[in-house]
Amino acid sequence: MRGQLSVVLCFAFVLLGCEEDVTAVLGTHSAYSMYGFFNARSDTQAVRIYAVEQRLDLVRPEKLGARVTSLDRQSGAQHVWQDSIVQFANSRYGHVFWAAFRADYGHRYTLEAVRSDDVTSLVEVTVPPLSVPELVSPTVSRGYVVLPVHWPGAPRLNGIHVVYYTNKGNFTINYPLDQRRENGGVSVEVHASRDARDVFSNVIRLGGRAAEVRLKALELFVLVSNEEWEPPTGTYDTEILIEPGVFSNVENGFGFVGAGYMASFYYEPPDSIKIAAGYLVD
């Protein structure tokens, strides 16, 4: 279980721009800082919590002493979260609180962390609805291919990247957080022809030839996120986000707790699109 929790939390920290050596906030009556997200596709929920007078880089595995509970505002289901001390790859420790349940699509949750003197930090988050992506009106001409993918009902997308599966290996292209809110959801444009140039460059760098590359399929990966999971500047700039309170939704505390789930759109383009994007076909 510890391995699973570490993966979940490390993924959340990358998206949130949170660094493990953030200096604690002193001179405040707030109880805790919390980082993580409610995951609709995991049977275990996990959030990293630390006292505001501490640093994130714990060197001793000591219990935090917080009472952590969650409440499903729709169903009324309550869960008591367990403290788990996780050692990360850099040998530092962190408190990862977890509970064994699956976050339901579209449900709103309250997460509370209560100190021994009953001072409470809390956060409320809404899990996005289930979204099934669809390809909408591709733009295709010689040397120019744009594939708009629409995610109905999705409030926001994070962690956008495309994997191209070729006969010379798989190549990942990271996308900015550019997205359009339209038709009750969010759309992302996959620039297949532009990405092909990066794929060819990588193949050449590895000693291959661009003319040998055959595209099999592509897959768009995203984290479907709740609407609040958006940095104040529009980008995850760690120099800005490590400042306490700049990006936070925790009441009487610091940090950010989001909600969402990983999803993908897999597409095997016809030969006409492969050729237009710059790939040769058999």
Side-chain angles (χ1 to χ4, degrees), residues 11-12 14-17 37-42 74 102-109 125-166 170-199 215-236 249 256 258-279 281:
F11 178 70
V14 169
L15 288 180
L16 294 175
F37 70 103
F38 282 74
N39 189 346
R41 291 189 170 167
S42 174
Q74 271 88 340
R102 183 180 292 268
D104 288 325
Y105 298 107
H107 283 217
R108 188 164 182 83
Y109 291 85
V125 295
T126 300
V127 180
L130 178 62
S131 178
V132 179
E134 54 189 1
L135 182 65
V136 181
S137 302
T139 300
V140 181
S141 60
R142 185 172 183 82
Y144 186 78
V145 176
V146 176
L147 307 173
V149 180
H150 185 64
W151 299 81
R156 176 171 174 77
L157 304 178
N158 278 305
I160 304 169
H161 61 282
V162 181
V163 177
Y164 289 87
Y165 303 105
T166 78
N170 304 333
F171 301 92
T172 299
I173 307 295
N174 292 317
Y175 269 62
L177 298 178
D178 295 342
Q179 53 201 274
R180 295 196 312 274
R181 290 182 171 87
E182 58 185 7
N183 301 325
V186 178
S187 294
V188 172
E189 290 185 343
V190 176
H191 291 260
S193 51
R194 181 190 64 192
D195 294 345
R197 293 191 287 270
D198 290 334
V199 170
L215 177 64
K216 301 175 181 178
L218 61 89
E219 192 165 8
L220 170 64
F221 290 90
V222 302
L223 176 70
V224 180
S225 311
N226 60 315
E227 190 169 358
E228 295 80 9
W229 199 335
E230 181 175 2
T233 60
T235 59
Y236 290 104
N249 62 345
F256 183 87
Y261 53 91
M262 286 297 301
S264 70
F265 173 75
Y266 182 85
Y267 180 56
E268 295 182 359
D271 286 351
S272 58
I273 288 183
K274 295 177 183 179
I275 293 171
Y279 296 96
V281 297

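Predicted, not measured: the structure shown is a model, and the values here were computed from it.
In this structure, K274 and P269 approach most closely via the heavy-atom pair CE-O, 3.2 Å. Contact record, M262 with R41: O-NH1, 2.7 Å, taken as the closest heavy-atom pair. Here the closest non-hydrogen pair linking R156 and E227 is CD-O, 4.2 Å.
The backbone N or O of P129 lies less than 3.5 Å from a partner atom in the side chain of Y261, making a donor-acceptor pair. A distance-only check finds no donor-acceptor pair linking the side chain of E228 to the backbone of G258 [under 3.5 Å]. Under the 3.5 Å distance criterion, the side-chain polar atoms of R142 are left unmatched by any main-chain donor or acceptor of A276. Proximity of a side-chain donor or acceptor of D198 to a complementary backbone N or O of I173 within less than 3.5 Å is not detected. At least one donor-acceptor pair closer than 3.5 Å links the side chain of S131 to the backbone N or O of P152.
In this structure E134 satisfies the salt bridge (Lys or Arg N to Asp or Glu O under 4.0 Å) test with no other residue, sequence neighbours excluded.
Side-chain contact between Y105 and V224 is absent, with no heavy-atom pair separated by less than 4.5 Å. Using a 4.5 Å heavy-atom threshold, the side chains of Y279 and V199 count as touching.
The aromatic rings of H161 and F221 sit parallel, their planes meeting at an angle under 30°, below the 60° perpendicular limit.
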Derivation and outcome, side chain to side chain contact (heavy atoms under 4.5 Å, CB included), residues Y109 and D104
CA-CA 9 Å; Y109 291 85; D104 288 325; 3.8 Å; yes
